[in-house]
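Below, all heavy atoms of this structure are taken into account, side chains as well, without hydrogens, waters or symmetry copies. When a residue number appears, it is its place in the shown sequence, counting from 1.
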Amino acid sequence: MHNLSPGSGASIYVPSGNLGCTYCHAPHTGLGGMTPLWNQQLSKATYTPYASTTYHQTGNTQPPLGVTSSLCLSCHDGTVAVGQTAAYGKITTTGTWAPGDSFGQNLSSSHPFSLVTPLKDAPNLQASLVSQGKTADPLGKVNLINGNVECTSCHDPHTQSIDPIAQGFLVRNGVSGQICLACHDPNRVVQGQVNLLAGWTNSIHQSATNGVASNANVGPYPTVAQNACSSCHMDHDANGPNRLLRPATPSAPSIDTDTQACMTCHNGGTYLSPAAPNVMAEINKTSHPLPAGTNTHDAAEPAVLLNNRHATCVDCHNAHGSNQVTTFGAPPTMRVSQSGTVGVSALDGITVLTPAINQYETCLRCHGTGPGKQRLAIFGYSPMRLVSMPDTLNVIPEFSPSATSSHPVFHDRSSPLAQPSLLAYMLTLNGQPSGRTTGPRIFCSDCHNSDDNREFGGSGANGPHGSANSHILERNYQFSQAAVPGGLVTNTFPNPDLSVNGPYAMCAKCHDLNQVLANTSWNLHGDHVGTQGFSCSVCHTAHGIGTASPSVTGERLVNFDVNVVGVNGSLPLSYNRGANTCVLTCHQVAHNPDGTVTGNVHGSNPNHIKVR
């Protein structure tokens, strides 16, 4: 393309024929000075260089006029006409720039060059860059120019097809990210510092053989592995400055740039063969909120998210270290799809874990101690518990060892009490026993999961990306409600459907509802759940009871929803497991300390009825 002759493939060319090297060079009368007999008029534009919160080579520097990168920009910044020569004046050209060939003066979306020297070291850079002033390219083709990164570090302007597929004037074949890895090292360990590329060498994006369609716009090569870094990043004209991410195909301008970089392959299109899981189909349901407005993601943000709340792909996944889940290991350890992600310790909700070891540690970035949490209406009704901590959305106390009872997410919570309803194996989405035992530990994602997830028999993506059910729950879980505490309960399901589509399907994943209705664990389940059709959530909390109470101990996860259950006169709400009594008012029926109830019991008998 650089010979600018008709038929060369150049989008801007000289119709009168091939003038050879003289578009750029003049053998006797070039611009002189430090230029290589340069003939093209130099640009004197001022450029905006690359910058980001994770960029170490800080300092606003301009390429020296007439040296290395400045020569390329004399055509490619678009401020000087191609063919505006020093020796011969303006050579007539025709055509227009092809997309991506004219960079303009804002170079913040292009790979940095002409850096402030000396170069600053970082864990994700080859050690030899700073220590020896050379790259780690085994062929010796990718080089620093006078100790700096310049256009000609990656591009040879005289030879277009050194890389026969990319055809991008690359100094060597760039397949499998080889040019990028000449300067960037995913395996380097520097004490006390995080290598943001760690895990790349054995990751799915480094090794995936999925074919890539030519119109996917994720690089020139035929597979994901061969495109490597360029699957997600662009060297020029990226989707904004931070980390040079690719835009989505098809275009998705309303979506944040971090999510867009994942969408081309994970949006259910025809760009990959075989197709990757369609994660965006889940996000289009009720999902974790994507960034919008001022709550955009940034790679340098704190691990404990504060008021800037969002959930991008990269908050829960590390694209450099992620792998495909082929076998489903036992909880609580991280699934390989989340390898290399940042987490927060459950011990204090503050200590940063890089990488996180257990799945719940990643969830605690948002669902732990950070402020600014909200109960959003889009996720459905939220119970308000009788016994709760000041921050009712901090789940750490609810699952901690000090919790009276909890689902066993953080710790083994094997109960000394009989659990006759507990199934030996969790049920699949179609109600059959799965390969997962209902053992002493579970994942957050055993409840909060895509409603068609692959692990439990569906065809969709695993994990809490989005669900047709409230609270991003894997299965249906209905909440009884009341206009006032103690008043008539709505959302009731008498003689409930016990199938996988029923109102208590989420509980039925691990609990045999037939046992519940048969009163094997409590002698009035059948009446409250089967006859009256009250939701489990009226009496039971789903996570755990995070603080002790003299009136409600939290055994069996009993912790009343005070939006539904009210007080009985002046008596405090209470539950006594030993005596099998409650003191409260529910559905206009008063439950008394002696075990009797008062009111329109079951809609017919106004007399006191002894409960046993």
> Is there side-chain contact between Pro247 and Met234, with heavy atoms separated by less than 4.5 Å?
Replying inline: yes

> Any luck finding a side-chain donor-acceptor pair between Glu301 and His310 under 3.5 Å?
Replying inline: yes

>> Walk me through whether Leu4 and Val82 qualify under side chain to side chain contact (heavy atoms under 4.5 Å, CB included).
In response: CA-CA 10 Å; Leu4 300 187; Val82 177; 3.9 Å; yes

> Under the side chain to side chain contact (heavy atoms under 4.5 Å, CB included) criterion, do Arg436 and Glu455 qualify, and how do the steps go?
Replying inline: CA-CA 10 Å; Arg436 279 280 306 282; Glu455 180 175 2; 3.0 Å; yes

> For the side chain of Arg246 and the backbone of Asn217, is there at least one donor-acceptor N/O pair under 3.5 Å apart?
Replying inline: yes

>> Is it the case that the side chains of Thr54 and Arg243 hold a donor-acceptor pair, with the cut-off being a distance below 3.5 Å and no angle test?
In response: yes

> Are Pro63 and Leu73 close enough that some pair of their side-chain heavy atoms sits under 4.5 Å apart?
Replying inline: yes

> Under 3.5 Å, is there a donor-acceptor pair between the side chain of Asn318 and the main chain of Ser322?
Replying inline: no

> Which heavy-atom pair separates Leu107 from Gly104 by the least distance, and what is that distance?
Replying inline: CD2-O, 3.6 Å

>> Go through it in stages, so that I can follow the logic: the residues are Ser467 and Ser450, the test is side-chain hydrogen bond (donor to acceptor under 3.5 Å, both in side chains), and I'd like the CA-CA distance, side-chain angles, deciding distance and then a yes or no.
In response: CA-CA 5 Å; Ser467 174; Ser450 302; over 6 Å; no

>> Using the rule given for side-chain hydrogen bond (donor to acceptor under 3.5 Å, both in side chains), can you reason through Ser203 versus Asn323, listing the C-alpha separation, both sets of side-chain angles and the distance that settles it, and then say yes or no?
In response: CA-CA 5 Å; Ser203 74; Asn323 265 296; 5.9 Å; no

> So do Ser110 and His236 actually touch side chain to side chain, heavy atoms under 4.5 Å?
Replying inline: yes

> What's the shortest heavy-atom distance between Lys285 and Ala468, and which atoms?
Replying inline: CD-N, 3.8 Å

> Ring centres of Tyr50 and His111 under 6.0 Å apart?
Replying inline: no

>> Salt bridge check, Lys44 against Asp77: does any charged N sit closer than 4.0 Å to a carboxylate O?
In response: no

> Could you give the distance from CG (Asn143) to CG (Asn148), rounded to the nearest 0.5 Å?
Replying inline: 13.0 Å

> So, Asn453 side chain and Asn462 main chain: donor-acceptor pair closer than 3.5 Å or not?
Replying inline: no

>> Is the shortest side-chain heavy-atom distance between Thr152 and Pro157 below 4.5 Å?
In response: yes

> With side chains defined as the heavy atoms from C-beta onward, is the minimum distance between Ser74 and Gln40 less than 4.5 Å?
Replying inline: yes

> To the nearest 0.5 Å, what is the distance between CG (Asn239) and OG (Ser251)?
Replying inline: 8.5 Å

> Which is it for Thr46 and Gln62 under the side-chain hydrogen bond (donor to acceptor under 3.5 Å, both in side chains) test, yes or no, and what are the steps along the way?
Replying inline: CA-CA 7 Å; Thr46 300; Gln62 300 292 313; 5.1 Å; no

>> If we check side-chain hydrogen bond (donor to acceptor under 3.5 Å, both in side chains) with Ser445, which of these qualifies: Arg335, Gln338, Gln359?
In response: Gln359

> Is a donor on one side and an acceptor on the other found under 3.5 Å between the side chain of Asn295 and the backbone of Pro291?
Replying inline: no

>> Taking the ring of Phe169 and the ring of His2, is the distance between their centroids below 6.0 Å?
In response: yes

>> Quick test of your reading of the model: are Asp163 and Arg172 salt-bridged, counting only N-O distances below 4.0 Å?
In response: no

>> Quick check for you: to the nearest 0.5 Å, what is the distance between His317 atom NE2 and Asp315 atom CG?
In response: 10.0 Å

> How long is the span from the CG atom in Asn267 to the CG atom in Asn278, to the nearest 0.5 Å?
Replying inline: 6.0 Å

> Short question: side chain of Asn227, backbone of Tyr221 - any donor-acceptor pair under 3.5 Å?
Replying inline: yes

>> Quiz question: by atom type and distance under 3.5 Å, do the side chains of Asn187 and Thr201 form a donor-acceptor pair?
In response: yes

> Hey, is the main chain of Ala136 close enough, under 3.5 Å, to the side chain of Gln126 for a donor-acceptor pair?
Replying inline: no

> Any side-chain heavy-atom pair from Trp38 and Cys24 closer than 4.5 angstrom?
Replying inline: yes

> Just wondering, more than 12 heavy atoms not from Asn146 lying within 6.0 Å of its CG?
Replying inline: no

>> Test: side-chain hydrogen bond (donor to acceptor under 3.5 Å, both in side chains). Region: residues 86-106. Which pairs qualify, not counting sequence neighbours?
In response: Asn106-Ser108

> Does a side chain donor of either Asp256 or His297 reach within less than 3.5 Å of an acceptor in the other side chain?
Replying inline: no

>> Using only atom types and a distance under 3.5 Å, with no angle test, would you say the side chain of Ser131 pairs donor to acceptor with the backbone of Ala127?
In response: yes

> Is a side-chain N or O of Asp451 found less than 3.5 angstrom from the main chain of Glu474, in a donor-acceptor match?
Replying inline: no

> Would you find a donor on one side and an acceptor on the other, under 3.5 Å apart, between the side chain of Gln260 and the backbone of Ala252?
Replying inline: yes

>> Show, in sequence, the C-alpha distance, side-chain angles and deciding distance for Leu244 and Asp235, and conclude whether the side chain to side chain contact (heavy atoms under 4.5 Å, CB included) test is met.
In response: CA-CA 7 Å; Leu244 303 178; Asp235 48 4; over 6 Å; no

>> Please report the interatomic distance NZ(Lys120) to CD(Gln57), rounded to the nearest 0.5 Å.
In response: 6.0 Å

>> Within this structure, what is the OG1-CG distance for the pair Thr312 and Leu290, rounded to the nearest 0.5 Å?
In response: 8.0 Å

> Under 4.5 Å between any side-chain heavy atoms of Asp185 and Leu125, yes or no?
Replying inline: no

> With a 4.5 Å heavy-atom cut-off, do Cys183 and Leu129 have their side chains touching?
Replying inline: yes

> Would you call the rings of His266 and His205 parallel, tilted or perpendicular, where under 30° means parallel and over 60° means perpendicular?
Replying inline: perpendicular

> When you look at Glu150 and Ser114, which way does the side chain to side chain contact (heavy atoms under 4.5 Å, CB included) test go after all the steps?
Replying inline: CA-CA 6 Å; Glu150 304 289 358; Ser114 293; 2.6 Å; yes

> Is the side chain of Thr159 donor-acceptor paired with the backbone N or O of Ile162 at a distance under 3.5 Å, no angle test?
Replying inline: no

>> Looking at every heavy atom in both Gly343 and Ala303, which two are closest together, and how far apart are they?
In response: O-CB, 4.5 Å

